[in-house]
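What follows is a single structure, written as structure tokens, with notes after it.
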Number of protein chains: 2
Amino acid sequence: MSLRHILLGLLGDPHSGYDIKKKFEHSLRNFWRAELSQIYPLLQKMEDEGLLNSKEGESDIGPRKRIYKRAAKGSSELKAWLNEGPVVGTERIAYMAQVYFLAELRDDSKAIAFMEELRDYMANWLALLEDREKEWSDNDPRYPDELPDEAFYQQLTLDLGLRKVRANLEWSESCVRRMRARKKQRKAMPH
Amino acid sequence: MSLRHILLGLLGDPHSGYDIKKKFEHSLRNFWRAELSQIYPLLQKMEDEGLLNSKEGESDIGPRKRIYKRAAKGSSELKAWLNEGPVVGTERIAYMAQVYFLAELRDDSKAIAFMEELRDYMANWLALLEDREKEWSDNDPRYPDELPDEAFYQQLTLDLGLRKVRANLEWSESCVRRMRARKKQRKAMPH
DNA sequence: GTTTACATGTAATCAGTTACATGATTAC
DNA sequence: GTAATCATGTAACTGATTACATGTAAAC
């Protein structure tokens, strides 16, 4: 039940479905993803429920848009969600499940290659987040603690993103080292 | 499409649906969760597809059980999943979305209380994982790098769990500090 | 003229949750 | 006797993905 709350959060400012998809790709991708085919019907449904209002919008470029904005009822539902306290314990991390069963490959080299791929992915992602942070701090002297509230809380999520990806990167590097050492030892004394 | 692969992974050793649910609650809870009402029908479906075999099992305690085990076809599907490389970019972290919109509460004290709740949750979870690690290392001199393969890879996921929860805890502590400092400053010079 | 980005949607399917139903055995 | 744990399932619903369908406008 979180996508609807995320849409409520985003629609404090007016956005089209297409705009929202971009928000997911740029800012929210650290913690949520959604497809257009989920976004469009949900926006319509939420308008029917009185959580959103919409109007026809002009586009500077391209075809007509439908612009949604949070209604009063939507604001109270959003606040209710935040007042419930943190929603935890629902995370699903597929690559951790894969690592858990990696012995089933019965192939040291393939297992190491798997972990190297994970390491490279984390390194790229970290570079991306660090760029974003650098750009932000270079362009706003209030970064990070003098930012207005809305931006301040967004910065907190960027900070957690950085910390988590660093933890993942350090972990995957340590895994590669440990797996290589085991492989080497196994070569020296088989079975 | 990951739960079916997780079941394939677990069913290298024979388990009932009920056993599997316990596995989720004890070992896998760091990265996946599943309800019995999802597990039972999926086991049946996967047996129909020839991925699993089952037999009637005697229970030392309680009623009859149905015991499932991975079939040859299941093993190759599991390997195919691992050979595809790490499944990344699908994570959904609801509490990060909540933090992103926390300004909408328009109430410093409530926002701080939210973050303190998150901090306490992470502290508890960390204590739990540290206990589990201590117990393991106390009871097996091979811990962590001389463990047999299956256990070694499970230890890698415990290690990542510890690193991630520590990152979350440090982050939430830093958030509480930063939010308190902003609140104090705001009190000193309003608007 | 073709590709890319803009823009919105439907249909079919798959994955996951919540609520309900049943019954055995053990511990107190 | 009653509560807790063991044990398996179905039904209804909600959430999310994949594939398909349509069309505009700008850039090259």
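Below, read A as the first sequence line, B as the second, and so on, with proteins coming before strands; counting in each chain starts at 1.
- Rounded to an integer number of Å, the gap from NZ of K45(B) to P of dC14(C) is 6 Å.
- Shown here for S172(B) and M115(B), the closest heavy-atom pair between the two residues is O-CG, 3.9 Å.
- Taking side-chain N and O atoms only, R92(A) has no distance below 4.0 Å to OP1 or OP2 of dA15(C).
- Residue contacts for R4(A): at a heavy-atom cut-off of 4.0 Å it reaches no nucleic acid atom on any strand shown.
- In this structure, of dT18(D), dT8(D), dA5(C), it is dT18(D) that holds the atom nearest to the side chain of E35(A).
- Whole-Å rounding puts the K22(B) NZ to dA7(D) P distance at 6 Å.
- Across dA16(D), dG9(C), dT10(D), the shortest atom-to-atom separation from the side chain of Y68(A) is found for dG9(C).
- Between K65(A) atom NZ and dT22(D) atom C1' there is a gap of 19 Å when expressed in whole angstrom units.
- Within 6.0 Å of CZ in R29(B) there are 12 or fewer heavy atoms belonging to other residues, nucleotides or ligands.
- Residue L36(B) is classed as a base contact, given a heavy-atom separation below 4.0 Å to a base.
- One interatomic measurement links the two molecules: NZ of K21(B) to P of dT18(C), which rounds to 11 Å at whole-angstrom precision.
- With DNA chain D read from its 5' end, the first of the two nearest nucleotides for L3(A) and D19(B) is the one closest to D19(B).
- Atom OH of Y40(A) and atom P of dT22(D) are 17 Å apart (whole Å).
- Rounded to an integer number of Å, the gap from I20(A) CD1 to dA7(C) P is 13 Å.
- Note on S37(B): a base of the nucleic acid sits closer than 4.0 angstrom, heavy atoms only.
- Checking K110(B), R180(B), R177(B) one by one against E116(B), the salt bridge (charged side-chain N to carboxylate O under 4.0 Å, His left out) holds for a single residue, R180(B).
- As rounded to whole Å, 14 Å separates atom P of dA16(D) from atom CG of L28(A).
- The separation between Q38(A) atom CD and dT8(C) atom P is 16 Å, rounded to whole Å.
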